[in-house]
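Heads up: the structure comes next, in structure tokens.
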Amino acid sequence: MLFKWKDGFSCNIEEIDQQHKKLFEIGSRLNSIVSLQDGYDHYDEIMEVLGELKDYTVYHFDYEEALLRKYGYEDLEVHEIEHKMFVEKLMKIYKKDIDGNQQKITLDVLMFVADWIAAHILKTDMQYTGFLNTKGIH
């Protein structure tokens, strides 16, 4: 399963962990739609979930950046750049003509999102965990 939450993804910050779990849940729903081998056109469902993923990602990144800004996290700029690149890639995908090649494009999206989320959480987000924990954020 591409989007399975594991304790190792926890940032030890309840609100951020909940938001990360929501991203996993949205990714899992997209994976479920793509995995259907029923011969039906799932374009509307795919676009709905992609839109939700895009919107929730922007919400999550805004929340995370505001929290880091509030406490003066020194690597915030690098974090913001990573977030911006991810959102730009999602927007580019969202604007593609997915209808003609739903399976391939959506699988590509799934792999990109799964790899990015895991790498970002496990590497970049874990770098601020200790910093925020010392500020009393759990």
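Just so you know, these numbers come straight off a predicted model, no measurement behind them.
L67 is listed as a side-chain neighbour of I16, based on a closest heavy-atom distance under 4.5 Å. Side chains of M126 and T129 form a contact here, defined as non-hydrogen atoms less than 4.5 Å apart. Looking at L90 and V87, their side chains never come closer than 4.5 Å, going by heavy atoms from C-beta outward. Counting heavy atoms from C-beta on, the side chains of L23 and V113 never come closer than 4.5 Å. Annotation: side chain of Q127 is in contact with side chain of Y73 (closest heavy-atom distance under 4.5 Å).
Scored by the salt bridge (charged side-chain N to carboxylate O under 4.0 Å, His left out) test, E88 finds K84 as partners (sequence neighbours excluded). Take K70 and apply the side-chain contact (heavy atoms from CB on, under 4.5 Å) test, not counting sequence neighbours, and it matches no residue.
Placement of I121 and M111 within a single hydrophobic cluster is found when ILVMFWY residues are connected by side-chain heavy-atom separations under 4.5 Å, directly or transitively. Grouping the Ile, Leu, Val, Met, Phe, Trp and Tyr side chains by contacts below 4.5 angstrom, directly or via other members, places L30 with M91. Linking Ile, Leu, Val, Met, Phe, Trp and Tyr whenever their side-chain heavy atoms come within less than 4.5 Å puts Y43 and I26 in one cluster. Taken together through direct or relayed side-chain contacts under 4.5 Å among Ile, Leu, Val, Met, Phe, Trp and Tyr, I13 and Y59 form parts of separate hydrophobic clusters. Under the 4.5 Å side-chain contact rule for hydrophobic residues, L53 and M85 do not share a cluster.
Of all the heavy atoms in N133 and I137, the pair that sits closest is ND2-O, 2.8 Å. Nearest heavy atoms, W116 versus E82: CZ2-O, 3.6 Å. Closest heavy-atom contact between C11 and D125: SG-CB, 3.9 Å.
A 6.0 Å sphere centred on CG of D38 holds more than 12 heavy atoms belonging to other residues, nucleotides or ligands. The number of heavy-atom neighbours closer than 6.0 Å to CD of Q18, taken from other residues, nucleotides and ligands shown, is above 12. Other residues, nucleotides and ligands contribute more than 12 heavy atoms inside 6.0 Å of the CD atom of E52. Annotation: E14, atom CD; neighbour count of heavy atoms from other residues, nucleotides and ligands within 6.0 Å does not exceed 12.
Residue H60 holds its NE2 atom at 6.0 Å from CD of Q19, rounded to the nearest 0.5 Å. Note that CG of N31 is 13.5 Å distant from NZ of K4, once rounded to the nearest 0.5 Å. Atom CE of M47 sits about 15.5 Å away from atom NE2 of H42, to the nearest 0.5 Å. A distance of 9.5 Å separates CG in L110 from CD1 in I33, rounded to the nearest 0.5 Å.
Between R69 and E80 there is a salt bridge, with a side-chain nitrogen of the basic residue lying less than 4.0 Å from a carboxylate oxygen of the acidic one. K21 and E25 are not joined by a salt bridge, as no carboxylate oxygen comes within less than 4.0 angstrom of a charged side-chain nitrogen.
With 3.5 Å as the limit, one finds a donor-acceptor pair spanning the side chains of E64 and Y128. Side-chain contact annotation: D17 with S10, donor-acceptor N/O pair under 3.5 Å present.
Side-chain atoms of S28 never come within 3.5 Å of backbone atoms of F24 as a donor-acceptor pair (strictly under, hydrogens ignored).
For H79 and H120, the distance between ring centers is under 6.0 angstrom.
Taking the six-membered ring where the residue is Trp, W5 and F9 present tilted rings, their angle falling between 30° and 60°. Taking the six-membered ring where the residue is Trp, F112 and F86 present parallel rings, their angle staying beneath 30° rather than reaching 60°. Between F61 and H83, the angle of the ring planes stays under 30°, which puts this pair in the parallel group of the 30/60° scheme.
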(request) Decide side chain to side chain contact (heavy atoms under 4.5 Å, CB included) for E77 and I81; before the verdict, give the C-alpha distance in whole Å, the side-chain angles of both, and the deciding distance to 0.1 Å. (result) CA-CA 6 Å; E77 187 175 335; I81 290 169; 4.2 Å; yes
